[in-house]
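To start, the structure under review is shown below, and the notes come after it.
In the text below, chain A, chain B and the rest are named by the order of the sequence lines, each starting its count at 1. Every heavy atom of this structure was used, including side-chain atoms; hydrogens, water molecules and symmetry mates were not.
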Amino acid sequence: MRTKFKFSLSQTVLTLLLLIVTLTMVVPVLNIIAKSFSAPEESVRMGGLAIFPRKFDLINYRVVFSHPALMRALANSVFITVVGLAINILLTCSAAYVLTRPGLTLKKPLMVFLIFMMLFDPGMVPEYLVIKDLGLMGNQWSVILVMAVNVYYLIILMRYYQAVPSEIYEAAEIDGAGHLTTLFRVVFPLAKSGIATITMFYAVIRWNEYFRAGIYLTKTKDTTLQVILRQFVILGDTASIVGQQNLFNYNEFARIDYNALRCATIVVSIIPILLLYPLVLRYYAKDVMAGGVKE
Amino acid sequence: MNDQAAASPLKRKRSVWRKLYDEKYLYLLILPTIVFFILFRVLPIYNMRLAFFNYSSRAAWKFVGMKYMNMIFSSPGFMSILKNTLIISFMKYVMLFPFTVIFAILLNELRSARFRKYVQIVTYLPHFLSWVVIAGIWILALSLSGGVNQIAAFFNLPQIDYMTDRGTIRWILMISEAWRSIGWDSIFYFTAIINIPAHLFEAAEIDGANRLQVIWKIIVPALVAPMLTVFIMNLGFFLNAGFDQVLNFSNNAVQSTIDILDTYIYRIGIESGQYSLASAVGLLKGVAGTGLVLITHVISKRLTGEGVW
């Protein structure tokens, strides 16, 4: 009896401790969501611990979604993410296929080359000059192409491919399937969870990219949501947001609470991540989520 | 594969060139990836020679030897930037390190599977937010009207504007790093824990060991190898110190306290266009970073028989 009581006491302490850790993450995010949905007169007075909106109002979202520069940036982010993701998947899937073919003559030199590419980072200035020399500066393809393949994700995908039984490849070969047919009809369906995993990882880094977009996309009309977010939320540059907006909808703008507007911009930028997150847990974190104490 | 080769001696006799020819479509498939790396990684590596040249966008670059290397070491700010980098890295990669391990152990100790799942869902999420978003959230939470100061006021503690306070900003970097990655990084250790064979725990139970003894005698030893791996990999990041985080957490008030090598390279290289000087700092950083990994690899191999690769 005594040990049992002691045990549950330690469980209570442990639970409380971990609950506090999670609250440091849950409360600020809910606070941002709550402020973004509150009326400006209320949101200015809301503290950092409020997690429910006060006087529900969509004004912040009306401003965000009627703002030409923000909408343009959102469209650019979607474009760069979707096109970039397609290139990521296509290149990574085919490279992983090639590198997992048994007996590939050049496998070793190719792997050594790729791992060296992963370990050695030439740094931002040499890369910047290459983008300039290739004439990609100020072009959205710079951001799309410069992140085309991630060796780390390639190696993850190779592990999934290797788990596909070799008899299946042999059967496809006997049936006269070419490499492309094998890749799309045989490997894709069988390595589905691997492809899902790297797709999510790529999607997240694509969507979150702000640094290269910030320096390579020299024209405001090409820029992405994360770049605008950084200007507005981090650098506190309200002028760029207000400038155009003022002319456009003066009355509503006079009411606005900038911090709440910042919150709304943050919320818009994390929605795709939140939509993707359940899939990450399902495909990547499945084992650790199901695991735990072995009885 | 070997069986196949043995079964058809003809195949084995084929020359390498013939084999390469047979594999031509495979190389065609991987060609775009190779071209990508040549354009966007190999060419930049070749550009690193700029550390020893004067840049020109039209004419050929002019060799100037050690000019920029000397410039780095005679610049008054460089040593403090190096110091900042090492301090911030130490806080993030050494001081924070045990907490991630402890977090994994605590997670495993939770009896309620549902609560554990909740903790996992919440703590893995920040890893997927960009540093721009995280900095945005933290700037709001740490401002004088934010949640942290509200709690401090409740306990009659002083109100601090953490983001612009030189005394606290490095701690903020360390804690926000923990906030972002303690959950996700603990997965590595958590996986090691759940892979411990169940019979070890059963034996401990029969021997009447309590939880602390189980943790200390069974779980911690199983975590030594993964800890070493992470620790060595972290050393490879030591001169990086987390550029994206620092860039977004920085402001005029604290810049001198958290200015690191990469933010310095960014400022002098991209912002003021001193490409050669920035490349020289980058080259030094790259060489020293690779050296660090090699040294730890050798030490680790001597100590444990296991290297980084």
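With a 4.5 Å cut-off on non-hydrogen atoms, Leu276(A) does not touch chain B at all. Only the side chain of Val280(A) comes within contact range of chain B, judged by heavy atoms closer than 4.5 Å. Only the side chain of Thr290(B) comes within less than 4.5 Å of a heavy atom of chain A; its backbone N, CA, C and O stay farther away. For Leu154(A), no part lies near chain B; criterion is any non-hydrogen pair under 4.5 Å. Residue Tyr46(B): no heavy atom, backbone or side chain, is found under 4.5 Å from chain A. Proximity to chain A (any heavy atom under 4.5 Å) is shown, for Leu39(B), by both the backbone and the side chain. When heavy atoms are compared at a cutoff of 4.5 Å, Glu23(B) approaches chain A solely by way of its side chain, counted from C-beta outward. With a threshold of 4.5 angstrom between heavy atoms, Ser269(A) approaches chain B through side-chain atoms but not through N, CA, C or O. With a threshold of 4.5 angstrom between heavy atoms, Leu50(B) approaches chain A through side-chain atoms but not through N, CA, C or O. Of the atoms belonging to Tyr266(B), heavy atoms from both backbone and side chain fall under 4.5 Å from chain A. Contact of Ile215(A) with chain B is made through the side chain alone, with heavy-atom distances under 4.5 Å. Interface remark: Leu140(B) contributes side-chain atoms only to the contact with chain A (heavy atom separation under 4.5 Å). Ile193(B) does not touch chain A: none of its heavy atoms, backbone or side chain, sits under 4.5 Å away. Neither the backbone nor the side chain of Leu90(A) comes within contact range of chain B; no heavy atoms are under 4.5 Å apart. Within the 4.5 angstrom heavy-atom criterion, only side-chain atoms of Lys132(A), from C-beta onward, approach chain B. Proximity to chain A involves both the backbone and the side chain of Leu247(B), based on heavy atoms less than 4.5 angstrom apart. Heavy-atom distances place both the backbone and the side chain of Leu91(A) under 4.5 Å from chain B. For chain B, the nearby part of Arg101(A) is the side chain; its heavy atoms alone come within less than 4.5 Å. Residue contact with chain B, scored on non-hydrogen atoms closer than 4.5 Å, is absent for Leu225(A). Looking at Asn149(B), neither its backbone nor its side chain comes within 4.5 Å of chain A, counting heavy atoms on both sides. The contact between Ile234(A) and chain B is made by backbone and side chain atoms together, counting heavy-atom distances below 4.5 Å. For Phe115(B), the part sitting under 4.5 Å from any heavy atom of chain A is the side chain, from C-beta outward, and nothing else. Within the 4.5 angstrom heavy-atom criterion, only side-chain atoms of Leu281(A), from C-beta onward, approach chain B. Ala96(A) does not touch chain B: none of its heavy atoms, backbone or side chain, sits under 4.5 Å away. In this structure, the portion of Leu274(A) lying under 4.5 Å from any heavy atom of chain B is its side chain and not its backbone. Neither the backbone nor the side chain of Ala113(B) comes within less than 4.5 Å of any heavy atom of chain A.
Not one N or O on the side chain of Glu127(A) forms a donor-acceptor pair closer than 3.5 Å with the backbone of Pro44(B). When atom types are taken as modelled, the side chain of Gln11(A) and the backbone of Glu109(B) share a donor-acceptor pair closer than 3.5 angstrom. A donor-acceptor pair under 3.5 Å is absent between the side-chain atoms of Lys19(B) and the main chain of Leu104(A), judged by distance alone.
Taking 4.5 Å as the limit, some side-chain heavy atom of Met117(A) sits within range of a side-chain heavy atom of Val42(B). Side chains of Val119(B) and Val21(A) form no contact here, defined as non-hydrogen atoms less than 4.5 Å apart. Side-chain atoms of Phe36(B) and Val146(A), non-hydrogen and from C-beta on, never get closer than 4.5 Å to each other.
The six-membered or imidazole ring of Tyr277(A) lies away from that of Tyr124(B), with a centre-to-centre distance of 6.0 Å or more. Taking the six-membered ring for Trp and the full ring otherwise, the centers of Trp131(B) and Phe211(A) sit at least 6.0 Å from each other.
Counting heavy-atom pairs under 4.5 Å between each of Pro278(A), Gly47(A), Pro28(A) and chain B puts Gly47(A) at the top. Contact tally against chain B (heavy-atom pairs below 4.5 Å) for Ser166(A), Gly123(A), Ala148(A): the top residue is Ala148(A). By number of non-hydrogen pairs under 4.5 angstrom with chain A, the leading residue of Val148(B), Leu283(B), Val281(B), Asp262(B) is Asp262(B). Comparing Val132(B), Asn47(B), Ile34(B), Ile30(B) by heavy-atom pairs within less than 4.5 Å of chain A, the highest count is held by Val132(B). Contact tally against chain B (heavy-atom pairs below 4.5 Å) for Leu145(A), Thr265(A), Val151(A), Ile270(A): the top residue is Leu145(A). In terms of non-hydrogen atom pairs under 4.5 Å with chain B, the most contact-rich of Met124(A), Met147(A), Lys35(A), His179(A) is Met124(A). Of the listed residues Ile187(B), Ile139(B), Ile270(B), Ile137(B), the one with more heavy-atom pairs under 4.5 angstrom with chain A than any other is Ile270(B). Residue with the most contacts toward chain A among Asn251(B), Asn248(B), Ile45(B), Leu29(B): Asn248(B) (heavy-atom pairs, distance under 4.5 Å). Here Tyr275(B) is the residue among Tyr55(B), Phe103(B), Tyr275(B), Phe249(B) with the most heavy-atom pairs under 4.5 Å with chain A. With respect to chain B, the highest number of heavy-atom pairs below 4.5 Å among Thr15(A), Ile115(A), Leu110(A), Val204(A) belongs to Thr15(A). In terms of heavy-atom pairs under 4.5 Å with chain A, the best-connected choice from Asp244(B), Leu31(B), Leu43(B) is Asp244(B).
For the pair Val233(A) and Gly136(B), the tightest heavy-atom approach, listed with the atom from each and the gap, is CG1-CA, 3.5 Å. Considering all non-hydrogen atoms of both residues, Tyr27(B) and Leu106(A) come closest at OH-N, 3.1 Å. Taking all atoms of both residues into account, the shortest heavy-atom contact from Pro122(A) to Arg41(B) is CG-O, 4.0 Å.
A side-chain contact (heavy atoms from CB on, under 4.5 Å) with Leu26(B) is found for exactly one of Leu99(A), Thr105(A), Val98(A), namely Val98(A).
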Given the rule in the side chain to side chain contact (heavy atoms under 4.5 Å, CB included) test, do Phe120(A) and Met48(B) qualify, once you have shown the distances and angles that lead to the verdict?
CA-CA 12 Å; Phe120(A) 199 81; Met48(B) 290 176 90; 3.6 Å; yes

Report the C-alpha separation of Ile151(B) and Leu49(A) in whole Å, then their side-chain angles, then the decisive distance to 0.1 Å, and conclude whether the side chain to side chain contact (heavy atoms under 4.5 Å, CB included) test is met.
CA-CA 9 Å; Ile151(B) 295 169; Leu49(A) 301 175; 3.9 Å; yes

Run Trp207(A) and Phe128(B) through ring-ring contact (aromatic ring centres under 6.0 Å, His included) and show every step you take.
CA-CA 10 Å; Trp207(A) 184 258; Phe128(B) 295 94; over 10 Å; no

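Checked by atom type, the side-chain pair Thr22(A)/Tyr118(B) shows a donor-acceptor distance below 3.5 Å.
Ring pair Trp184(B)/Tyr284(A) is parallel by interplanar angle, where below 30° counts as parallel and above 60° as perpendicular.
One distance of note links OG of Ser112(B) with CG of Leu14(A); it measures 10.5 Å at 0.5 Å rounding.
Counting heavy-atom neighbours within 6.0 Å of Arg282(A) CZ, excluding the residue itself, gives a total of 12 or less.
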